[in-house]
Structures are given as C-alpha cells and as structure tokens.
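Okay, so here's the structure we're looking at.
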Protein chains: 2
Amino acid sequence: MSKIAEPELLNRLTQVFRTHGYEGASLSRISKATGLQRASLYHRFPGGKAEMAEAVLKRAGEWLQAHALQPLTESGPPERRLRQMAEKLDEFYEGGRQSCLLDALSFGVEQGAIRDHQRAAMKTWVDAIATMLRESGLSGRTAQERAEDAVIRIQGSLVMARATGDQMPFRRTLRNLPQELLRKPEPARA
Amino acid sequence: MSKIAEPELLNRLTQVFRTHGYEGASLSRISKATGLQRASLYHRFPGGKAEMAEAVLKRAGEWLQAHALQPLTESGPPERRLRQMAEKLDEFYEGGRQSCLLDALSFGVEQGAIRDHQRAAMKTWVDAIATMLRESGLSGRTAQERAEDAVIRIQGSLVMARATGDQMPFRRTLRNLPQELLRKPEPARA
DNA sequence: TGCTGTTTACCGAACGTTCGGTACATTTTA
DNA sequence: TAAAATGTACCGAACGTTCGGTAAACAGCA
C-alpha cells in the first residue's frame with residue numbers, strides 16, 4: 001500500500017514537530033524527514049500541516065495514555081506504579097533529548113483544534129496522576145496540586161535539558177518523582 | 001532621533017519572540033509590533049533577526065540579573081530573599097501569561113550565539129540560587145539540585161500555564177518556592 | 001550667525017528564496 | 001484494469017534581506 005507505513009510516518013512527523021516547533025516544521029523539512037513529496041503528504045493529510053500536527057498530538061496522547069498513564073490505574077504499590085510511569089516517560093522523551101509536543105506546539109499556534117487538543121491532553125495527564133494520588137490516601141486538594149507539580153517538573157526539566165544540553169536534571173526529576181509525590185503532606189504553616 | 005526609543009523597541013521585540021518563538025516571529029509581525037518597517041529594523045539590527053533575538057535575550061538576562069538575582073546576594077533572611085526573587089519573576093512573566101525566552105527560542109534555533117547565550121543564562125540563574133542556598137547552610141550537592149529544581153519548576157509551570165491558559169499553577173509554584181528550597185534535607189533513603 | 005558636509009533614522013521597493021498548497025500525470029497495488 | 005498512492009511541475013504569497021534614497025539632526029568652520 002503505502003511506501004511508508006502510517007506508524008513510521010507519524011514517528012518521523014513527531015520528530016520534526018518536536019525539534020522545530022510548529023512554524024519551524026516546514027513542509028520541506030517534513031518532506032525530507034518522511035521521504036514523501038509535498039503532494040503525497042497532502043494525500044495523507046488533506047488538512048495540511050495543521051492536520052499533521054493534530055495527528056501527531058493525537059498519537060502521542062494515545063501512546064502516553066496506553067503506556068504511561070494506564071499503569072497508574074492498575075494494582076500494586078503506588079510507588080511502583082509511579083515508577084512505571086516514570087520509566088515510560090523516560091522512554092517517550094528519550095532521556096530528555098526530545099521535547100514535549102505540548103511545549104513545542106504551544107508557540108505560534110493561535111487557537112483551534114490543536115490548542116484544544118493540548119489543553120485536553122494536559123488535563124488528562126494531571127487528572128490521571130491526581131486520581132491515583134487520591135486513591136493512595138492524599139486529600140483531594142493535595143493530590144491535585146501534586147499532580148500538577150509532577151507535570152510541571154517533567155515539563156520544566158525538559159526545557160532545562162533542551163536549553164543546557166544536559167539530560168541529568170531530567171533523569172533526576174523522573175527518579176525522584178515517586179517519592180516526591182507520595183511524601184507525607186506537611187501541616188499547613190503559620 | 002529615533003521615532004521609537006531603544007528600550008521600548010526591545011520591549012516590543014521581546015513580546016513578539018516570547019509569543020511566537022523564533023521562527024514564528026516573522027519580520028512582518030515584528031514590523032507591525034514595533035511600528036518600524038523591515039528596512040528600518042535592519043538599521044537598528046544590521047545582523048537581522050538573529051541579532052534581534054540576541055539583543056532581546058541579553059536584555060532579559062540583564063533585567064533578571066539586576067532585579068531577580070541580585071536580591072539573593074543581599075542581606076536578610078534567606079526566605080525573604082527568595083520571596084523577593086519570586087516577586088520579580090512574577091512581574092517578569094506577568095503572572096504566567098508570558099513565556100520564557102529560554103523556552104521560546106529553544107526551538108528551531110540550531111546553534112550559534114543564541115544557543116550559547118541561552119545556555120549561559122540558564123547556568124547563571126541556577127548558580128545564583130545554588131550559591132544562596134549554600135550560604136544558607138545546605139550542602140553543595142543539595143543546593144545545586146534544589147537550584148536546578150527551582151528553575152525547572154518555574155519553567156514547567158510556565159509551560160503548563162501556556163498550555164492550559166490557567167495561571168494558578170504558576171503562581172502557586174512561585175509562592176511555594178522559598179519554603180520548598182529551604183526545607184530540611186531528608187536523610188538519604190534505603 | 002549662516003553655510004556646508006556628515007551622520008542618523010527611517011522608508012518603499014525589490015531581491016532571490018522558501019512558504020503552504022494544488023492540478024495533473026504516473027506509478028504501484030489489488 | 002480500477003483505485004489508491006506517489007511524483008512532477010507549478011502557483012501566489014510570504015519569507016528574510018538588501019538597495020537606493022529622503023528628511024532631519026548634527027558637526028565644524030567662517
């Protein structure tokens with residue numbers, strides 16, 4: 001059928017968007033990365049670049065859901081479940097060498113489906129962690145804040161990794177994530 | 001002399017780069033935002049867009065150094081100094097509504113002066129916090145990691161703010177920053 | 001002071017290139 | 001052979017950049 005199969009095509013598209021952002025992901029670059037000419041790309045994605053970005057976001061979201069978030073809902077000690085998530089995130093972001101699409105595609109994209117998708121993905125991610133933390137005994141409010149904190153730390157360490165070229169902070173963040181999230185809540189301060 | 005003075009010019013340039021990233025900051029957009037025609041921009045910045053981005057980075061770095069990092073070196077309780085930094089960061093990022101240039105300009109920019117500048121800026125920032133934490137009694141290693149953590153949290157919460165449109169996580173991150181950084185180090189775990 | 005040459009700041013128009021996108025012919029597959 | 005997938009050739013628009021030139025401020029000197 002296709003000279004290049006859908007999954008691999010999406011892989012390469014993802015790579016381009018992650019590296020260059022939305023505006024930097026020109027059709028020339030995409031064409032070069034995928035081996036498909038402009039017209040062939042428009043055959044696969046009649047909606048053009050916007051549809052490519054959406055497809056890439058959708059797929060990344062599905063992968064994360066299936067591999068990183070799904071373990072959170074299973075049985076076993078909470079710390080273990082969080083470690084599984086961290087492991088998958090490490091894989092997804094290639095140890096900090098790859099950017100997050102939610103960051104890369106948040107510049108220059110005004111509104112529309114892409115923005116909506118981003119917002120929803122972020123919420124899904126936070127909610128999944130928060131739900132798990134609540135089931136582990138944390139209060140609703142603490143669980144929510146820590147879940148946000150977890151995503152914040154991951155995103156921030158990816159930014160730092162990209163800006164400095166050093167992946168260590170990212171890996172350390174992932175490693176410390178489980179215990180940070182599960183630590184005893186400190187009493188409210190004066 | 002100038003129809004638009006240097007500081008205000010840089011303000012508007014900063015705004016464009018923050019919002020759209022490097023590739024998204026087209027000369028048309030910059031021209032519209034500054035009120036200067038393309039050619040006039042090249043009078044101010046003979047090096048073109050790259051020089052504009054550099055100038056913007058330089059200025060942002062100087063502002064942060066003078067307003068957010070300098071208080072860290074002064075006298076007074078550490079927590080108070082950190083609160084002053086957080087206050088200035090809140091101002092700089094307009095409560096989470098503005099992106100960080102270190103993030104925005106990290107896509108699509110291959111290498112060269114801009115990349116070097118980013119790397120240096122990130123290091124300066126982390127070092128300033130780490131030095132202060134060390135002076136507050138934290139061990140060198142803990143201080144370094146927590147300083148990285150601080151920057152990570154700020155960057156991450158900005159990403160989240162941008163992706164979700166909600167500024168609360170950013171503000172909460174800033175508010176909690178001082179106590180998070182100064183809390184007693186936990187003993188090494190099993 | 002008045003004159004003159006230089007500098008500063010800006011602009012309109014155009015440069016060649018690349019952008020995202022399309023019509024249509026050709027190849028591949030079933 | 002019909003349909004699906006890909007390639008060739010091209011479009012108008014926008015890209016970053018440069019050129020030639022204008023108006024005003026500034027300089028030195030009589």
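Letters A, B, ... are given to chains in the order of the sequence lines, protein chains preceding strands, and every chain is numbered from 1.
- Checking the phosphate oxygens (OP1, OP2) of D/dA5, a side-chain nitrogen or oxygen of A/His43 falls inside 4.0 Å.
- One interatomic measurement links the two molecules: CZ of B/Phe45 to P of C/dT8, which rounds to 16 Å at whole-angstrom precision.
- For the residue pair B/Ala25 and B/Lys49, the shortest heavy atom distance occurs at O-NZ, 3.2 Å.
- Between the side chain of A/Arg81 and the backbone N or O of A/Pro71, no donor-acceptor pair lies under 3.5 Å.
- Phosphate proximity of D/dA14 to B/Ser28: absent, as no side-chain N or O sits under 4.0 Å from OP1 or OP2.
- Here the closest heavy-atom approach between residue A/Ile114 and residue A/Ala53 is recorded as CD1-CB, 3.7 Å.
- Distance A/Leu36 CG to D/dT8 P: 12 Å, rounded to the nearest Å.
- Nearest to the side-chain atoms of B/Ser26 among the listed nucleotides D/dT6, C/dG21, D/dG16 stands D/dG16.
- Whole-Å rounding puts the A/Leu27 CG to D/dA13 C1' distance at 14 Å.
- Side-chain contact between A/Asn11 and A/Arg59: present, with at least one pair of heavy atoms (C-beta onward) separated by less than 4.5 Å.
- A/Met52 places its CE atom 13 Å from the P atom of C/dC19, with the value rounded to the nearest Å.
- Comparing D/dC15, C/dT22, C/dC10 by their closest approach to the side chain of B/Arg38 singles out D/dC15.
- If you measure from atom OH of B/Tyr42 to atom P of C/dG12, you get 17 Å, rounded to the nearest angstrom.
- At a threshold of 4.0 angstrom between heavy atoms, the contacts of A/Gln37 include nucleobase atoms, whether or not backbone atoms are also involved.
- Atom P of nucleotide C/dC19 and atom CD of A/Glu23 are separated by 12 Å, given to the nearest angstrom.
- Nearest heavy atom pair, residue A/Leu10 against residue A/Val56, reads O-CG2, 4.2 Å.
- The phosphate of C/dC10 (OP1 or OP2) has a side-chain N or O of B/Arg44 nearer than 4.0 angstrom.
- The CG atom of B/Leu9 sits 15 Å away from the C1' atom of C/dT8 (whole-angstrom rounding).
- Checked against C/dG20, C/dC10, D/dT8, the side chain of A/Ala39 finds its nearest nucleotide in D/dT8.
- In this structure, B/Leu41 places its CG atom 11 Å from P of D/dT17, rounding to the nearest Å.
- At a threshold of 4.0 angstrom between heavy atoms, the contacts of A/Ala25 are confined to the sugar-phosphate backbone, with no base atom among them.
- Across all strands shown, A/Ser40 has heavy atoms under 4.0 Å from base atoms, whether or not it also approaches the sugar-phosphate.
- If you find the closest nucleotide of DNA chain C to B/Gly35 and to A/Pro46, the one lying nearer the 5' end belongs to B/Gly35.
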